[in-house]
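Notes to accompany the following structure.
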There are 2 protein chains.
Amino acid sequence: MAVSARRGAPLTPEEICSTALRLVEEGGVEALSMRKLAAALDVNPMSLYHHVENKTALITQICQTMARRLDLLPERPGLPWQRRLRDLAHAYRRLVHRYPSLWSYIHTHPEVISGHQGGMWDVLYPILADAGVPQEERTRTADVLHGFVAGLMLTERQGALGREDPAEADRAFETAIDMIIRGLPRP
Amino acid sequence: MAVSARRGAPLTPEEICSTALRLVEEGGVEALSMRKLAAALDVNPMSLYHHVENKTALITQICQTMARRLDLLPERPGLPWQRRLRDLAHAYRRLVHRYPSLWSYIHTHPEVISGHQGGMWDVLYPILADAGVPQEERTRTADVLHGFVAGLMLTERQGALGREDPAEADRAFETAIDMIIRGLPRP
DNA sequence: ACCTGAACACCGTTCAAGT
DNA sequence: ACCTGAACACCGTTCAAGT
């Protein structure tokens, strides 16, 4: 039989991807296995391989889905760049809080995301321009800034920011953004 | 027989740890398995469990060994703090270049290292003091700085700094340290 | 075209049995 | 005290066989 164990539908890529993402949200990337995913979909483990090349390809897919969930505020060129930079950093932080394990995975597996894809960079560049960062330094500055904020999240996830007091992590994050704003290269 | 397959010696903790670290240096943390480690030591896989509680305990041990390899320059209070901060950052970077995979592992597995252990912090605090960072902000600033540099390394490892030109990664690192120096909180 | 079971080559770890 | 083999419960993935 061609669609036996499963209810009706013949196992769409979307269903696979969203179920996989759910497993990751619940138990981290290490909780995702092809066999558990198949069980969650009520399907034979091997059926998955007709829709997904392999496990790493699947993870790459759910990473891209995650990246699309960065909830950027609408562009508001009227606001000062400091404010927009702060808001962007907070959006990034919210995303990491939502998918901590998957986010870590991406940043330890360079191969899954290549280049400046995702809406974040389109928001960041105009901010840097308004901040007066010279054109020829903007790419480098953007990479460094992303690194800074990513490292902050790494540290927060390690519990190094505010071990006892949870509000301390928020405060440290603000301090960090202040440092970044002060430190930006000016002409 | 009690020491059969192995040559003479009865399998010391040091031997286990150093061999495990070698496997990690060669193939990353994902290349370390209890069974491969046993093979490298020419021993039955189960023998390891008489010297090591389990795999995570073993990894924690080799992480601590790695942390001890941070080659700090001797303290030179005569030099300006900017210079000392830069040197410390470079020592950190060298360590990450030497153990990229293990370093990533630590920063994605918060449980393996807890608190400010390791000589780095003893070097960092006096630098921050000389930089004029107020006493009550030093802990937070130190955590943020560590986060910044760690994030930089993460980004570098992802290839985001200087994809084509390898010297660009060096330049981006210097730019980043400049930003940090400019951005430090002052009284 | 899509699904499946058996199989292969791996894991970490437990446990009873050996010396 | 230290080592070991067999076993358990997992992996990802291939492949030939089913409908």
Side-chain angles (χ1 to χ4, degrees), chain A residues 1-24 26-63 101-102 105-106 108-109 111-112, chain B residues 1-24 26-63 101-102 105-106 108-109 111-112:
Chain A
M1 53 302 210
V3 196
S4 79
R6 301 266 298 83
R7 291 211 285 303
L11 201 54
T12 69
E14 291 74 28
E15 202 182 358
I16 295 177
C17 193
S18 64
T19 308
L21 195 48
R22 183 169 57 77
L23 289 184
V24 167
E26 287 166 5
V29 205
E30 68 280 3
L32 175 66
S33 83
M34 298 301 272
R35 294 171 120 110
K36 276 189 217 156
L37 175 57
L41 288 163
D42 197 15
V43 138
N44 183 291
M46 304 315 129
S47 304
L48 295 171
Y49 286 89
H50 289 99
H51 303 89
V52 170
E53 199 186 351
N54 53 29
K55 191 183 178 182
T56 43
L58 173 62
I59 294 186
T60 304
Q61 280 178 40
I62 63 180
C63 284
S101 163
L102 194 56
Y105 181 90
I106 292 180
T108 3
H109 294 76
E111 64 281 7
V112 325
Chain B
M1 54 301 210
V3 195
S4 80
R6 301 267 297 83
R7 292 212 284 304
L11 201 53
T12 69
E14 291 75 26
E15 201 182 359
I16 294 177
C17 192
S18 65
T19 307
L21 195 47
R22 182 169 57 76
L23 289 184
V24 167
E26 286 167 5
V29 205
E30 68 280 3
L32 175 66
S33 83
M34 297 302 271
R35 295 173 120 109
K36 277 189 217 156
L37 175 56
L41 288 163
D42 197 15
V43 138
N44 182 291
M46 304 314 130
S47 305
L48 295 171
Y49 286 89
H50 289 99
H51 303 89
V52 170
E53 200 186 351
N54 53 29
K55 191 183 178 182
T56 42
L58 173 63
I59 294 187
T60 304
Q61 280 178 41
I62 64 179
C63 284
S101 162
L102 194 56
Y105 181 90
I106 292 181
T108 2
H109 294 76
E111 65 280 6
V112 326

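The separation between B:Leu37 atom CG and C:dC11 atom P is 11 Å, rounded to whole Å. Atom C1' of nucleotide C:dT14 and atom CE of B:Met34 are separated by 13 Å, given to the nearest angstrom. Between the CG atom of A:Leu48 and the P atom of D:dT14 there is a distance of 13 Å, given to the nearest Å. Taking atom CG of residue B:Leu41 and atom C1' of nucleotide D:dT4, one finds them 16 Å apart after rounding to whole Å. Atom P of nucleotide C:dC10 and atom CD of B:Glu30 are separated by 16 Å, given to the nearest angstrom.
Applying a 4.0 Å cut-off to non-hydrogen atoms, none of the residues of residues 52-62 of chain A approaches DNA chain C.
Distances shorter than 4.0 Å separate none of the side-chain N or O atoms of A:Ser47 from OP1 or OP2 on C:dC2.
Scored by the side-chain contact (heavy atoms from CB on, under 4.5 Å) test, A:Ser18 finds no partners at all (sequence neighbours excluded). In terms of the side-chain contact (heavy atoms from CB on, under 4.5 Å) criterion, B:His50 has no residue partners (sequence neighbours excluded). The side chain to side chain donor-acceptor pair (under 3.5 Å) test applied to A:Ser33 returns no partner, not counting sequence neighbours. Take B:Arg22 and apply the salt bridge (charged side-chain N to carboxylate O under 4.0 Å, His left out) test, not counting sequence neighbours, and it matches B:Glu26.
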Could I get a table of every N or O pair under 3.5 Å where one atom is in the protein and the other is in nucleotides 5-9 of chain C?
from  : atom 1 : to      : atom 2 : distance (Å)
C:dG5 : OP2    : A:Asn44 : ND2    : 2.9

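Between the side chain of A:His50 and the base of C:dC3 there is at least one donor-acceptor pair of N/O atoms closer than 3.5 Å.
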For this session: Dump the intermediate steps for side-chain contact (heavy atoms from CB on, under 4.5 Å) on B:Leu32 and B:Lys36, then the final yes or no.
Result: CA-CA 7 Å; B:Leu32 175 66; B:Lys36 277 189 217 156; over 6 Å; no

Exercise. Where each pair must be Watson-Crick or G-U wobble with both distances under 3.5 Å, what dot-bracket representation of DNA chain C is obtained, with crossing pairs in [ ] and other-strand partners as |?
Worked result: ||.|||||...|||||.||

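A:Ser33 comes within 4.0 angstrom of the backbone, heavy atoms only, and of no base.
To the nearest 0.5 Å, atom CD1 of residue A:Ile62 and atom CG of residue A:Leu23 are 8.5 Å apart. Rounding to the nearest 0.5 Å gives a distance of 12.5 Å between NE2 of B:His51 and CG of B:Leu58.
Heavy atoms of other residues, nucleotides or ligands lying less than 6.0 angstrom from CD of B:Glu30 number more than 12.
Closest approach to the B:His51 side chain among C:dC3, C:dG12, D:dC3 is made by D:dC3 (side chain taken as heavy atoms from C-beta onward).
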